[in-house]
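As the structure lists them, so they are numbered: ligands from 1, and atoms in each ligand from 1.
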Amino acid sequence: MALAGKRILLIIGGGIAAYKALELIRDFRKRGASVRGILTKAGAEFVTPLSVASLTGDKCYTDLFSLTDEAEMGHIELSRDADLLVVAPATADLLAKMAHGLANDLASTALLATDKRVLVAPAMNVRMWTHAATQRNSASLKGDGIIFVGPDEGEMACGEFGPGRMAEPAAIADAAARLLGAEGPLSGRRILVTSGPTHEPIDPVRYIANRSSGKQGHAIAAAAASLGADVTLVSGPVAIPNPPGVKTIRVETARDMLQAVEKALPADCAIFCAAVADWRVANEGDQKFKKEAGGLPPLSLTENPDILATVSRMGDKRPELVVGFAAETEKVIAHAQAKLARKGCDWIVANDVSHEGGVMGGDMNTVHLVTKTGVEDWPKMGKDAVAEKLVARIAATLKGRWV
Ligand code: CTP
């Protein structure tokens with residue numbers, strides 16, 4: 001059972017999706033976890049403390065200033081005693097409280113007092129979800145390391161359609177299992193992944209970038225975490241969310257990325273999926289380059305550090321397995337083989353990024369795994385499937401090397 005022995009504190013907020021929290025308790029327990037439930041005052045309008053107590057097999061915690069509760073299990077212990085806190089449904093109000101550090105009831109106090117990871121499953125009306133305030137609160141919570149699952153898009157209890165539905169209980173339980181590093185073939189391994197493009201400033205308003213979406217690198221980080229690895233993802237600017245259960249560091253430039261990578265080492269395996277800009281502007285403008293000045297801006301380029309090559313040649317701190325990507329538009333295998341030798345890594349995952357393939361920004365990928373001993377052609381598949389296959393291969397290789 002994936003969650004055997006794990007202790008989950010489930011905070012049930014006041015939304016119609018609260019009824020699904022009851023199913024979530026059952027799902028957690030079926031997977032072997034023990035569950036304690038906190039029901040907010042608004043939550044108790046939708047489900048009863050008795051249902052929560054019956055399904056958790058424990059008392060339902062509701063009151064911050066209960067003398068008997070504080071004597072048995074105070075709010076601090078309640079949040080410290082768990083391996084993971086899950087907020088489902090996470091209402092707009094609960095998210096706002098969390099984002100601002102308010103603590104005026106048991107749920108918000110437990111959330112502020114915790115030193116454990118927190119998974120939230122937002123559920124609210126579409127307009128409340130898309131409101132600038134909720135989006136701002138969600139972004140700042142993500143910055144604090146809170147992990148989001150959902151919301152899903154679909155028809156809502158209020159009759160509107162759009163994002164705001166709480167993720168299904170099974171998806172929430174899966175995300176919790178990933179966060180708790182469910183035992184897997186990469187348990188105990190540290191994996192570093194780079195992903196996305198880099199932005200290289202020209203002046204305070206302009207930059208050089210590329211078409212990388214980060215989908216492939218993020219999928220690799222998520223796949224490694226789901227096999228139990230301790231994953232650090234160093235990502236350039238992307239429009240996709242941080243993968244659950246992954247420590248994500250956001251950077252802008254190639255130099256920032258190298259610095260974050262060096263800080264994240266040591267690792268057992270490093271996978272360099274980022275489309276790092278090869279060049280940056282040597283004479284970056286302190287002020288915006290103006291047209292009135294006449295002529296063209298005096299741009300000159302200089303080479304960025306090669307992160308993959310730097311880490312491959314690190315000596316002592318070099319991860320045992322270093323994997324690079326090769327984005328090619330022609331002579332894919334030949335260029336990848338040359339890159340393997342030039343950069344000093346162990347494997348290259350070569351992909352054809354010519355326009356026809358639609359790889360940059362798309363969901364599908366056709367790759368070739370180039371190692372020192374040969375080339376394997378993988379069929380065209382989704383980026384998630386490429387990630388799973390690559391990570392399974394990494395797990396098998398690491399196992400063969402050290403166990
Ligand atoms: N890479 C890196 N740092 C750089 C450039 C590339 O870490 N400054 C990594 C990429 O993450 C990828 C691999 O090197 O794993 C190859 O990237 P690619 O852009 O295909 O190769 P380049 O070194 O840019 O070579 P070329 O421009 O000749 O194709």
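Within a 4.0 Å radius of atom 19 (O) of ligand 1, the protein has no heavy atom.
You'll find the side chain of Leu22 reaches within 4.5 Å of the side chain of Val52, heavy atoms only. For the pair Phe161 and Val126, the minimum side-chain heavy-atom distance is 4.5 Å or more. Counting only heavy atoms from C-beta outward, the side chains of Arg7 and Asp81 approach each other to under 4.5 Å.
The shortest N or O to N or O distance between Ala327 and ligand 1 is under 3.5 Å. Polar contact check, Val276 against ligand 1: no nitrogen or oxygen pair lies under 3.5 Å apart. Close N/O approach between Asp278 and ligand 1 is found [any backbone or side-chain N/O within under 3.5 Å]. Between Phe325 and ligand 1, a contact under 3.5 Å exists for at least one N or O pair.
Crowding of Tyr207 atom OH: a count of heavy atoms from other residues, nucleotides or ligands under 6.0 Å not exceeding 12. A 6.0 Å sphere centred on CZ of Arg127 holds no more than 12 heavy atoms belonging to other residues, nucleotides or ligands. More than 12 heavy-atom neighbours from other residues, nucleotides or ligands sit within 6.0 angstrom of CD on Glu328. The 12-atom threshold is not exceeded at CZ of Arg26, counting heavy atoms of other residues, nucleotides or ligands nearer than 6.0 Å. Around the NZ atom of Lys247, the shell of radius 6.0 Å holds no more than 12 heavy atoms that belong to other residues, nucleotides or ligands.
A donor-acceptor pair shorter than 3.5 Å can be found between the side chains of Lys97 and Asn104. A donor-acceptor pair shorter than 3.5 Å cannot be found between the side chains of Asp352 and His368.
Heavy-atom contacts of Gly324 reach the following atoms of ligand 1: 15 (O) (cutoff under 4.0 Å). Contact atoms of ligand 1 toward Ala274: 10 (C), 11 (O) (distance under 4.0 Å to a heavy atom of the residue). Atoms of ligand 1 lying under 4.0 Å from any heavy atom of Leu308, numbered from 1 in the order shown and given with element: 2 (C), 7 (O), 9 (C), 13 (C), 14 (O), 15 (O).
Between Arg342 and ligand 1 there is a heavy-atom distance shorter than 4.0 Å. Remark: distances from the non-hydrogen atoms of Ala326 to ligand 1 include one below 4.0 Å.
Scanning Cys345, Cys273, Ser212, Pro305 for the heavy atom closest to atom 8 (N) of ligand 1 points to Pro305. Evaluated by nearest non-hydrogen atom to atom 14 (O) of ligand 1, the leading choice among Glu328, Lys343, Met257, Arg280 is Lys343.
Closest to atom 29 (O) of ligand 1, if we only count protein heavy atoms, is Lys339 NZ, 2.9 Å. With respect to atom 3 (N) of ligand 1, the closest heavy atom belonging to the protein is Ile307 N, 3.0 Å. Of the protein's non-hydrogen atoms, Phe272 O, 2.6 Å is the one closest to atom 15 (O) of ligand 1.
Contacts of His335 with ligand 1, taken as heavy-atom pairs under 4.0 Å, are absent altogether.
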